[in-house]
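Report on the structure given below.
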Amino acid sequence: MEQLSEQELVRRQSLQTMRDMGINPYPADEYVVTGYSTDIKATFVDEKPSDEAEGWYTGKPVRIAGRLMSRRIMGKASFIEVQDSKGRIQVYVSRDDIQAPTPEGETATTVEQQMYNVVFKKLLDIGDFIGIEGFVFRTQMGEISVHAKKLTVLAKSLKPLPIVKYKDGVAYDGFNDPEQRYRQRYVDLVVNEGVKDVFLKRATIVRTMRQVFDEAGYTEVETPMLQIIAGGASARPFITHHNALDVDMYMRIATELYLKRLIVGGFEGVYEIGRNFRNEGMDRSHNPEFTCMELYVQYKDYNWMMSFTEQLLEKIAIAVNGTTEVKIGDNIVDFKAPYRRLPILEAIQEKTGYDLSQMTEEEIREVAKKYGVEDTDKMGKGKLIDEIFGETCEGSFIQPTFITDYPVEMSPLTKMHRSKAGLTERFELMVNGKELANAYSELNDPIDQYNRFVEQMKLADKGDDEAMVIDHDFMRALEYGMPPTSGIGIGIDRLAILMTGQPSIQEVLLFPTMKPEVKG
């Protein structure tokens, strides 16, 4: 068993002392809360000074609950700070005011003295959960506070919290180590200001997205996470084994092919917000499991989807931040529609001077090598263009920009461009130098789709381990007929990074993937 620190031993002794006094440190009873810190402060109204406390103003009765975060004992009185789910508020505790429920067979005086001992003989520790019943008032120093008339111990904390002190907006003695913060997110949320706000904003992003889709009449669905074929994207899957069926299965890398099956089945529009899994590297932009939204709407094309996406992101930005402008590092990104639209080959020509549309695959391979792309022999034309774009262009698009009209080799599930030979009706949305969304006019020609899959299998034979395999059931669904459809995928984690101005994906995942913890 892990050796306990001196502080942990003291806390366990306080726990036992409470129990010896007849106080349950972990009561089962419901504790009804009638007010929260921020709401109490926002709605407080000064009233006539009371006779008992000259210069102090009384307010309404209230019951609050939360963690004890600081304490100052001054003789017969104590000022403590309680942190609830919305913020912090000061509480004034007087020896003569504390009351507690009287257990059977004990006098009220005895219990009052016990609760006095809990507070003033320091049986309460920073991090303990307590309930306070009293009234709201303003102190002589002008701080809106709660005057405690009754205190209840709700849960004893056995490990000491790191104490982060703030002065002029600067944190001292902070809980700053990234590995500790991500591994012990529960501590990070308690002691570091602003961390919880990031995840509340993330929830607003998803809630707003659902609201927009639902108001448009689209249906939220759920599709399998365990799949026989890892399809719908180019990525390495996680492999597992189903014992009852005795077959290998894959954690899904995308929801696309199942959602298209539902369009075949007659839904006007379907969307799913859920986890995908890709057995690839981890960095500031990637996590092996991540949240993605995919939407498919019948009788639409990629031009319509660009306009719809602009409006969606503008609404999300306003819902999260109250403005379309978001500060991300040194950049101000404006999500107000419309966004620039730029074909990918034109983007590459702008940055490099090379017109890849006039080059053979071997010529493109030589250009890729000039820009440091490795293992080019395993890549087809589309993958080479994608790598060149990533090396030379992607990071330069700070404001939202639709990169459009990708070569067919890069887009095995996308409809051929209606007027540009060899290209497809696809766009990727670039924001702050990263891809945020990927969308198509969906390929609904079964014969063309089958031929595209065959070409993907040839890439796999060359060593491309991200090439797609043929999904025969999906092909069967297409043969029943899929109407013209547009689809899009948006990475929720990356969208959260952008909308909250965070530097990495780990800051917007409550529990990012970590190496196993090494125990000493």
Side-chain angles (χ1 to χ4, degrees), residues 38 86-87 169-171 176 178 181-182 185 188-189 192-213 215-216 271 273 283-287 290-295 305-342 347 389-390 393-404 427-439 488-510 512:
T38 52
K86 295 189 176 182
V170 179
N176 295 326
R181 288 184 53 237
Y182 305 150
R185 182 68 84 185
D188 187 35
L189 289 164
N192 284 328
E193 288 185 359
V195 172
K196 188 175 181 181
D197 290 340
V198 169
F199 294 100
L200 292 175
K201 287 183 175 181
R202 180 183 173 120
T204 299
I205 291 169
V206 175
R207 183 168 57 250
T208 305
M209 188 175 280
R210 281 196 168 101
Q211 181 181 359
V212 170
F213 296 159
E215 288 176 354
Y271 71 94
I273 301 173
D283 56 32
R284 294 168 68 84
S285 301
H286 298 87
N287 195 68
F290 60 96
T291 304
C292 189
M293 183 288 302
E294 290 197 41
L295 166 73
M305 187 62 80
M306 280 187 264
S307 298
F308 183 82
T309 302
E310 291 170 338
Q311 300 301 321
L312 172 67
L313 295 179
E314 184 175 320
K315 289 178 181 178
I316 289 173
I318 293 171
V320 173
N321 296 305
T323 175
T324 59
E325 293 186 347
V326 182
K327 190 175 190 306
I328 307 170
D330 296 329
N331 300 320
I332 300 294
V333 175
D334 192 350
F335 285 95
K336 185 171 181 58
Y339 306 157
R340 185 188 183 195
R341 305 181 183 193
L342 179 65
F389 177 81
C393 302
E394 185 173 310
S396 65
F397 294 106
I398 304 303
Q399 299 306 317
T401 305
F402 292 116
I403 303 298
T404 67
F427 71 79
E428 288 187 346
L429 176 59
M430 300 293 164
V431 185
N432 202 45
K434 295 288 183 182
E435 174 199 342
L436 174 62
N438 189 18
I488 188 170
I490 297 178
I492 299 297
D493 307 313
R494 288 197 180 177
L495 182 56
I497 290 172
L498 295 168
M499 291 296 176
T500 60
Q502 295 302 306
S504 71
I505 193 171
Q506 289 78 18
E507 295 293 342
V508 299
L509 295 175
L510 280 167

Single hit among I497, N331, V326 for side-chain contact (heavy atoms from CB on, under 4.5 Å) with N432: N331

Check: R494 side chain, E435 main-chain N or O, donor-acceptor pair, under 3.5 Å: yes

Between CG on residue L436 and CD on residue E428, distance to nearest 0.5 Å: 10.5 Å

Side-chain donor/acceptor of K327 to backbone N/O of G329, under 3.5 Å: yes

From R210 atom CZ to I205 atom CD1, the distance as rounded to the nearest 0.5 Å: 13.0 Å

Side-chain donor or acceptor of N192 paired with backbone N/O of N176 under 3.5 Å: no

Test log, rule side-chain contact (heavy atoms from CB on, under 4.5 Å), inputs V431 and L313: CA-CA 11 Å; V431 185; L313 295 179; 5.6 Å; no

Set of side chain to side chain contact (heavy atoms under 4.5 Å, CB included) partners for K315, sequence neighbours left out: V212

Contact check, side chains of K201 and N321, non-hydrogen atoms, under 4.5 Å: yes

Taking every non-hydrogen atom, the tightest pair across T404 and F427: CG2-CB, 3.9 Å

Sequence-distant partners of Q211, side chain to side chain donor-acceptor pair (under 3.5 Å), two or more places apart: E215

Intermediate values then yes/no, side-chain contact (heavy atoms from CB on, under 4.5 Å), Y271 and M209: CA-CA 10 Å; Y271 71 94; M209 188 175 280; over 6 Å; no

Rounded distance [0.5 Å steps], CZ in R202 versus CD in E507: 12.5 Å

For residues 332-339, which side-chain N or O atoms pair as donor and acceptor with protein atoms under 3.5 Å away, sequence neighbours left out?
from: D334; atom 1: OD1; to: T324; atom 2: OG1; distance (Å): 2.7
from: D334; atom 1: OD1; to: K336; atom 2: N; distance (Å): 3.0
from: Y339; atom 1: OH; to: F335; atom 2: O; distance (Å): 2.6

CG on D197 to CG on L189, rounded to 0.5 Å: 10.5 Å

Main-chain N/O of T323 paired with E325 side-chain donor or acceptor, under 3.5 Å: no

With sequence neighbours excluded, residues passing side chain to side chain contact (heavy atoms under 4.5 Å, CB included) with E394: F389, M430, K434

Partners meeting side chain to side chain donor-acceptor pair (under 3.5 Å) with D283 (sequence neighbours left out): H286

S285 versus I505, closest heavy-atom pair with distance: O-CD1, 3.8 Å

Distance, nearest 0.5 Å, that separates CG of L429 from CD1 of I490: 7.5 Å

Any donor-acceptor N/O pair, D493 side chain to T291 backbone, under 3.5 Å: yes

Chi angles and distances behind the side-chain contact (heavy atoms from CB on, under 4.5 Å) call for R181, V195: CA-CA 10 Å; R181 288 184 53 237; V195 172; 4.0 Å; yes

For I403 against A347, the heavy-atom pair lying closest together: CD1-CB, 4.5 Å

Residues I316, M499; criterion side-chain contact (heavy atoms from CB on, under 4.5 Å); working and verdict: CA-CA 8 Å; I316 289 173; M499 291 296 176; 3.9 Å; yes

With sequence neighbours excluded, residues passing side chain to side chain contact (heavy atoms under 4.5 Å, CB included) with Q506: Y182, S504, P512

Donor-acceptor pair, side chain of R185 and main chain of L509, under 3.5 angstrom: yes

Criterion side-chain contact (heavy atoms from CB on, under 4.5 Å) against I488, the qualifying member of L295, N438, L312: L295

